[in-house]
2 protein chains.
Amino acid sequence: MTANDHPQSSPDSPTRPHTGRRRNEAAHQAILDAALHLLAESDGTPVTIDAIARTAGVGKQTVYRWWPSKGAVLLDALTDRADQDVPGPDTGALRIDLRAFITTTFDGAQRGATAPALRTLVREAARDPHLADLMQTFTAARRTTLRDLLTRGRERGELAEDTDLDLIVDQIYGVFWYRFLLGHAPLDATVADRLTESLVAGND
Amino acid sequence: MTANDHPQSSPDSPTRPHTGRRRNEAAHQAILDAALHLLAESDGTPVTIDAIARTAGVGKQTVYRWWPSKGAVLLDALTDRADQDVPGPDTGALRIDLRAFITTTFDGAQRGATAPALRTLVREAARDPHLADLMQTFTAARRTTLRDLLTRGRERGELAEDTDLDLIVDQIYGVFWYRFLLGHAPLDATVADRLTESLVAGND
DNA sequence: GTTTATCGAGACTGCTAGTCTTGTCAAGTG
DNA sequence: CACTTGACAAGACTAGCAGTCTCGATAAAC
């Protein structure tokens, strides 16, 4: 998803391939770079479109020609660099898979400049329903991967038949976001381990 | 906490008791009522100070004379009505106490007009560090109560000595806020029950 | 009646998202 | 090469909101 399709993608039908000046791919990248940079720098301060355009050396209109809203730019900037394919380990042992998934999630969110950027993005999403929507499709992929991982474990008998998998998913992502956003407690390997044990306990 | 102390409370020293017009208590209540009403009505839309003042039939300056910021008004409006004393059941059985606490938390947040108001408040807090601070002291009381409840259980031997109580607290509030804010899954008695079992499992 | 502080009303500043305008520039077309 | 088309940078502009400031009115104390 790089939003290359935002401005009338269908309207210019095959009859007329293209005329006029072409889009500047360098500007496109410069905008994403600027957005990611500002997102990572910002200490909770909202990132403005003016700042993105100025940093990228681009007119505001150029930003809005490629993306429909500020939120879309920010999300695109973050996902552009993030691993889009969520691993979903499958070793045959629930405990191993789950611990790996949780550890990867914790680490991934805190690696490099991702953490401040992601925090700022979520804060923006709290007030921008459009962005909240976009983020939901982004997080849905991860939720699905995790749920599949749990389903495999349950099918192998590593979880009780009547286990509420959705609750487990929410316990994991609940703790993750809660600690990630408030920052009052760590999200390290030890926590990942304890959380894993807490969720598979009594079922083996 | 009704912020009666915001405008220079200490400066008017005991030497000069008071002269001039007194504060209008009716306006004070009208502002809180208006804020709570708008908070409850708002479907995610931010509540504005102008709207609060207009609804209360009050000048904006009057609002700012009593509260230092919009966030303070909103939080005050919500806590004015909420039960300030968090129960913290103590029956002598961890499972019972924990289930009661979680159920109360879930129910309390969804009773009456609280839910939309609280959701809006949190969204505002995401962009208003001042409000975020105020909210933290509000939630800290509940976290402490829960942690004490867990400590009592651990001392009775209902949890392993090396149990990470802070992680349990975060698992509970993590799930709560995650579901409360996203609204993708229920926060009912069944969930409270399953969550309780998940957290005390294997320790009895 | 004078002083003093609050009141309602609303003008004002500063900031931001998103739109619109303008003149310029690059890429095809005839 | 001249012309058309559409993207470009720059920035004016609108609309909405938090918080401040001003003003004339009003209420309480003295």
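The sequence lines fix the lettering, A, B, ..., with proteins before strands; numbering per chain opens at 1. All heavy atoms count here, side chains included; hydrogens, waters and symmetry mates do not.
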OP1 or OP2 of [N] under 4.0 Å from side-chain N/O of [X]:
X       : N      : result
A:Arg21 : C:dG28 : no
B:Arg23 : C:dT6  : yes
A:Trp66 : D:dC8  : yes

Between [X] ([atom1]) and [N] ([atom2]), how many Å, whole number?
X        : N      : atom1 : atom2 : value
B:Ile52  : D:dA18 : CD1   : C1'   : 11 Å
A:Tyr64  : D:dC8  : OH    : P     : 16 Å
A:Arg54  : C:dA17 : CZ    : P     : 11 Å
A:Arg127 : C:dC15 : CZ    : P     : 17 Å
A:Glu25  : D:dA7  : CD    : P     : 13 Å
A:Asp50  : C:dT16 : CG    : P     : 8 Å
A:Glu124 : C:dC15 : CD    : C1'   : 14 Å
A:His130 : C:dG18 : NE2   : C1'   : 12 Å

Would you check if B:Leu159 and B:Leu165 make a side-chain contact, meaning some heavy-atom pair closer than 4.5 Å?
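Yes. Closest side-chain heavy atoms under 4.5 Å.
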Min side-chain heavy-atom separation B:His28-B:Val58 under 4.5 Å:
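No, too far: nothing below the 4.5 Å cut-off.
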Under 3.5 Å, side chain of B:Thr114 to main-chain N/O of B:Arg111, donor-acceptor pair present?
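Answer holds: yes.
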Choose from [options] the nucleotide whose nearest atom is closest to any side-chain atom of [X].
X       : options                : value
B:Arg22 : D:dA28, D:dA10, C:dA17 : D:dA28
A:Ser69 : C:dG8, C:dT16, C:dG18  : C:dG18
B:Asn24 : C:dC7, D:dA18, C:dT19  : C:dC7
A:Lys60 : D:dG11, C:dT6, C:dA11  : D:dG11
A:Gln61 : D:dT20, C:dC7, C:dT21  : C:dT21
A:Thr48 : C:dG8, D:dT20, C:dT16  : C:dT16
A:Thr62 : D:dG19, C:dG18, D:dA9  : D:dA9

Closest non-hydrogen atom pair, A:Val86 against A:Arg142:
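Closest approach of A:Val86 to A:Arg142, heavy atoms only: CG2-CG, 3.6 Å.
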Under 4.0 angstrom, heavy atoms only, what part of the nucleic acid is A:Val47 near: base, sugar-phosphate, or nothing?
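Sugar-phosphate contact only.
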Closest-nucleotide mapping onto DNA chain D: is B:Gly20 or B:Lys70 further toward the 5' terminus? I mean the 5' end.
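Its nearest nucleotide being more 5', the pick is B:Lys70.
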Does a salt bridge link B:Asp128 with B:Lys70, judged by any charged N lying under 4.0 Å from a carboxylate O?
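B:Lys70 and B:Asp128: not salt-bridged.
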